[in-house]
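Reading through the structure tokens given below for one structure.
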Amino acid sequence: MSTEALHRLVVSGDVCGSGRLGLRAKLRMREAMYDVFEAGFAAVGVTEESFHLEDRGDGVLVALDPHVPSAQLVGPWLEGVYQRLRQVNEGRAEPLRLRVAMHAGPVVRDEKGLAGRAVDLACRLCDSGTARSVMRWADRAPLLFVVSDSLYRDVVAEGGTCIEPEHYRRARVSEKETDEEAWFHVPRLPQPPLPDATSQEAPPDAAVRARERPCATGVRAARGPAPEQGGGAGHGGTVPPPASGPGPAAGTAPAPAPQQAAYAAKYRFDHIGGSNQIYDGNTFNGDFTGVRQGDAAAVRGDAAPRRPATEAADDGTGAEGGAR
């Protein structure tokens, strides 16, 4: 057998919570797990001759032949796995839940199995603390899908059949010797619940159309309450409260909206000067003279009335026009 490294797509799958199961339950779990993975390969027409599968007890490790398109696995294969999981979980007291991770890179296959950094990264992404946290918080989701940053940008971001790049979120995974960015996706959720300490905002990708760009990550700011309708002034409302009493008679025009009441009279300050003065809650710098009651018509916006000649001295000028 050749030990030459070939560029392969690596799939690492693991069952959530398998350590709580007894022996008989584990056997049923393994049977269901293999059923789900085989249904995914059947959905894309990948036969057993096109991949190498290793048993991991409560999971599997798969390396696809180089000729198998990666887009088939991140799209239709993933959808086939999800749909089969839904069928398998019907009526089960303990639903089967899977974490699945993918990465592509050089892989060596010898007599003992698979080796290479691509294998290591796929397994670390699948078993990472971030992936486990997502499945704890999305406790009703049967499937979590994780892809490496390079696989996301090369394949997922391009879109295609059953591929939804806008529903992925990016996070950093630090496990053992691994410190990489990865993309997380929970089928049928707009965004996976990621730990805020690891999540990062996804930059717009030129390869993704505007409507397919990944959403911003992190905690979204809570929207404020909508303005109250009919709350009236002082309640944040946009519509004044209804008036009491019977409504208008049939056939009559509705009453106009109430206008802000205008004061019948206001005061006019003809001169301010000297030390601070306070009038009706307002502070004026200096003395003031000539406080006069204004005309109500001027307050309402009517034309200002003409002032008698006898009031000419009230404008702050003397007989010669000089300042007092």
Side-chain angles (χ1 to χ4, degrees), residues 6-13 36-53 60-87 98-107 118-119 121-122 125-126 130-131 134 138 141-171 173 180-194 199-217:
L6 298 177
H7 190 88
R8 299 173 181 265
L9 182 68
V10 181
V11 182
S12 177
V36 167
F37 275 92
E38 290 169 1
F41 289 121
V44 294
V46 175
T47 62
E48 293 183 1
E49 293 77 18
S50 298
F51 63 87
H52 170 79
L53 185 148
V60 294
L61 179 64
V62 183
L64 282 299
D65 286 351
H67 69 270
V68 178
S70 298
Q72 290 289 319
L73 272 293
V74 301
W77 180 87
L78 181 66
E79 180 66 17
V81 167
Y82 175 77
Q83 294 297 342
R84 186 56 182 165
L85 259 177
R86 295 182 62 215
Q87 297 173 1
L98 294 175
R99 298 188 309 271
V100 176
M102 287 188 189
H103 177 52
V107 176
V119 175
L121 181 56
L125 295 181
C126 181
T130 303
V134 171
L143 178 62
L144 168 65
F145 186 52
V146 189
V147 296
S148 63
D149 185 62
S150 60
L151 187 61
Y152 176 87
R153 296 187 179 278
D154 294 343
V155 181
V156 176
E158 295 292 339
T161 303
C162 299
I163 302 176
E164 301 175 315
E166 68 273 21
H167 297 313
Y168 285 69
R169 284 181 66 193
R170 183 177 59 172
V173 174
E180 301 280 347
E181 290 181 349
W183 294 80
F184 293 74
H185 172 52
V186 177
R188 304 308 188 267
L189 286 187
Q191 292 183 350
L194 286 178
S199 62
Q200 304 176 26
E201 183 159 349
D205 196 312
V208 185
R209 296 189 297 272
R211 65 180 180 86
E212 294 180 339
R213 288 176 182 167
C215 301
T217 64

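In what follows, residues are counted from 1 in the order of the sequence shown.
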CA sep, side-chain torsions, deciding dist, call: Leu73, Phe41, side-chain contact (heavy atoms from CB on, under 4.5 Å): CA-CA 8 Å; Leu73 272 293; Phe41 289 121; 4.2 Å; yes
Steps toward side-chain contact (heavy atoms from CB on, under 4.5 Å) verdict (Cys162, Leu78): CA-CA 8 Å; Cys162 299; Leu78 181 66; over 6 Å; no
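A donor and an acceptor atom, one from each side chain of Gln87 and Gln83, are nowhere located under 3.5 Å apart.
Under the 6.0 Å cut-off for aromatic ring centres, Tyr168 and Trp183 do not qualify, their centroids lying 6.0 Å or more apart.
Side-chain contact check for Tyr152 versus Phe184: every heavy-atom pair is 4.5 Å or farther apart. No side-chain heavy atom of Phe51 sits less than 4.5 Å from a side-chain heavy atom of Val11. Looking only at side-chain heavy atoms (C-beta outward), Ser12 and His103 stay at 4.5 Å or farther from each other.
Here the NE2 atom belonging to His67 is positioned 12.0 Å from the CG atom belonging to Leu6, to the nearest 0.5 angstrom. Here Leu98 contributes atom CG and Phe145 contributes atom CZ; the two are 12.5 Å apart, rounded to the nearest 0.5 Å. Interatomic distance, CG of Leu61 versus CG of Leu53, reported as 8.0 Å (0.5 Å rounding). Going from atom NE2 of His52 over to atom CG of Asp65 covers 11.0 Å, rounded to the nearest 0.5 Å. In this structure, CG in Leu125 is found 11.5 Å from CD in Glu181, a value given to the nearest 0.5 Å. Considering CD1 of Ile163 and CD of Glu158, their distance stands at 9.5 Å, rounded to 0.5 Å.
Shortest non-hydrogen contact noted between Pro187 and Tyr82 is CB-CD1, 3.8 Å. Across all their heavy atoms, Leu9 and Met102 have their closest contact at CD2-SD, 4.1 Å. Of all the heavy atoms in Ala71 and Pro76, the pair that sits closest is O-CD, 3.6 Å. Heavy atoms only, all atoms of each residue included: Ala39 and Arg84 are closest at CB-CG, 3.5 Å. Taking all atoms of both residues into account, the shortest heavy-atom contact from Val107 to Arg8 is CB-CD, 3.8 Å. Pairing each heavy atom of Leu64 with each of Val62, the nearest pair is CD2-CG1, 3.9 Å.
Within the 3.5 Å criterion, the main-chain N or O of Cys126 finds a donor-acceptor partner in the side chain of Arg99. His167 places no side-chain N or O within 3.5 Å of a backbone atom of Gln191 that could act as its donor or acceptor partner. Between the His7 side chain and the Ala104 main chain, no donor and acceptor come within less than 3.5 Å of each other. For the pair Arg169 (side chain) and Pro192 (backbone), a donor-acceptor distance under 3.5 Å is present.
Open room surrounds CZ on Arg86; 12 or fewer heavy atoms of other groups in view lie less than 6.0 Å from it.
The pair Arg170-Glu180 does not meet the salt-bridge criterion, since no charged nitrogen lies less than 4.0 angstrom from a carboxylate oxygen.
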